[in-house]
Amino acid sequence: MDGLFITFEGGDGSGKSTQSRLLAEWLEGRGREVVATREPGGTDLGREIRQLVMHGKDHVDERAEALLYAADRAHHVATVVRPALERGAVVLQDRYFDSSVAYQGVGRSLSADEVRDLSMWAVRGLVPHATVLLDLDPEVGMARLSGRGELDRLEAAGAEFHRRVREAYLGFAEQDPQRFLVVDAAGDIDEIQTAIRARVASLLGAS
Ligand code: TYD
């Protein structure tokens, strides 16, 4: 596989999609094919799953929730991400299995190892080359989001839940500093982008 797989992680309202868009512009300017995508909802099937899991009106059992995200991920990787990587594209993806381990494994208190194993099975072990963690105090993230209308099921899960999610992400980054780039999402947008481009440039140099 010649492509590059970069994921963006972080709490709701941390600026993942803005940073991903700026990185896409830069990569395209350097002549790379960029596939910008996200989970949940990067495929037609995924958009239906996204609707069920995020906006359904009934309570969703937490194991069912984990399986729905894993089903979305399996289909998305098989039909969008792997084909793109195989033709040499750079895939920029908002959220991947670290979201499941943080939100379902730690936030919802399922076992983190089991949730990671479930995702790894779903994607046949595909690990990103780099993961950008946009670290932000969840209260600041929620305040940014509150201007955008109604909160979805996860966003409405409460301050303690989002605090656990943040700590979980920082723990993953500490365990795997090779893969993770942690940036302070409260900082300046352009400075954050500069740090991200530096990491990606070194990956492109090495590939
Ligand atoms: P979305 O609006 O797509 O993204 P963001 O909040 O990053 O702008 O929301 C996706 C929601 O789904 C978010 O609250 C996190 C949650 N989620 C999980 O709980 N587990 C997962 O595996 C994924 C991919 C997302």
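Order of appearance sets the numbers: ligands from 1, and atoms from 1 within every ligand. Every heavy atom of this structure was used, including side-chain atoms; hydrogens, water molecules and symmetry mates were not.
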inquiry  = Could you work out, for atom 5 (P) of ligand 1, the closest of H76, R108, E65, R95 by heavy-atom distance?
reply    = R95

message = Suppose we measure from atom 18 (C) of ligand 1 to each protein heavy atom; which comes out shortest, and what is that distance?
response = Y69 CZ, 3.3 Å

query = Contact between M54 and ligand 1, counting heavy atoms under 4.0 Å?
reply = yes

remark   = Checking E114, E160, E65 against R108 for salt bridge (charged side-chain N to carboxylate O under 4.0 Å, His left out), the one that qualifies is E65

Salt bridge present between D135 and R166 (N-O < 4.0 angstrom) = yes

request  = For ligand 1, find out whether one of its N or O atoms is nearer than 3.5 Å to an N or O atom of Q104.
outcome  = yes

message = I'd like to know if D94 and R21 make a salt bridge, using a cut-off of under 4.0 Å between side-chain N and carboxylate O.
response = no

request  = Report the residue from R38, R73, E9 that forms a side-chain contact (heavy atoms from CB on, under 4.5 Å) with R95.
outcome  = E9

query = If you measure every N/O of Y103 against every N/O of ligand 1, is any gap under 3.5 Å?
reply = no

remark   = Within 4.0 Å of some non-hydrogen atom of K16, the atoms of ligand 1 are 5 (P), 7 (O)

query = What do you reckon, does Y96 have a nitrogen or oxygen under 3.5 Å from a nitrogen or oxygen of ligand 1?
reply = no

query = Would you call L22 and I192 a side-chain contact if the rule is heavy atoms closer than 4.5 Å?
reply = no

remark   = Quick note on ligand 1: atoms under 4.0 Å from a heavy atom of D12 include exactly 5 (P), 6 (O), 13 (C), 14 (O)

key: The one among E9, R50, R38 that brings a heavy atom closest to atom 2 (O) of ligand 1   = R50

task = Determine the interplanar angle of the F5 and Y96 rings, folded into 0 to 90°, and report it as parallel if under 30°, tilted if 30 to 60°, perpendicular if over 60°.
result = perpendicular

query = Who's the nearest protein heavy-atom neighbour of atom 22 (O) of ligand 1, and how far?
reply = S100 OG, 2.5 Å

ask   = Is there a donor-acceptor pair under 3.5 Å between the side chain of Q193 and the backbone N or O of Q19?
value = yes

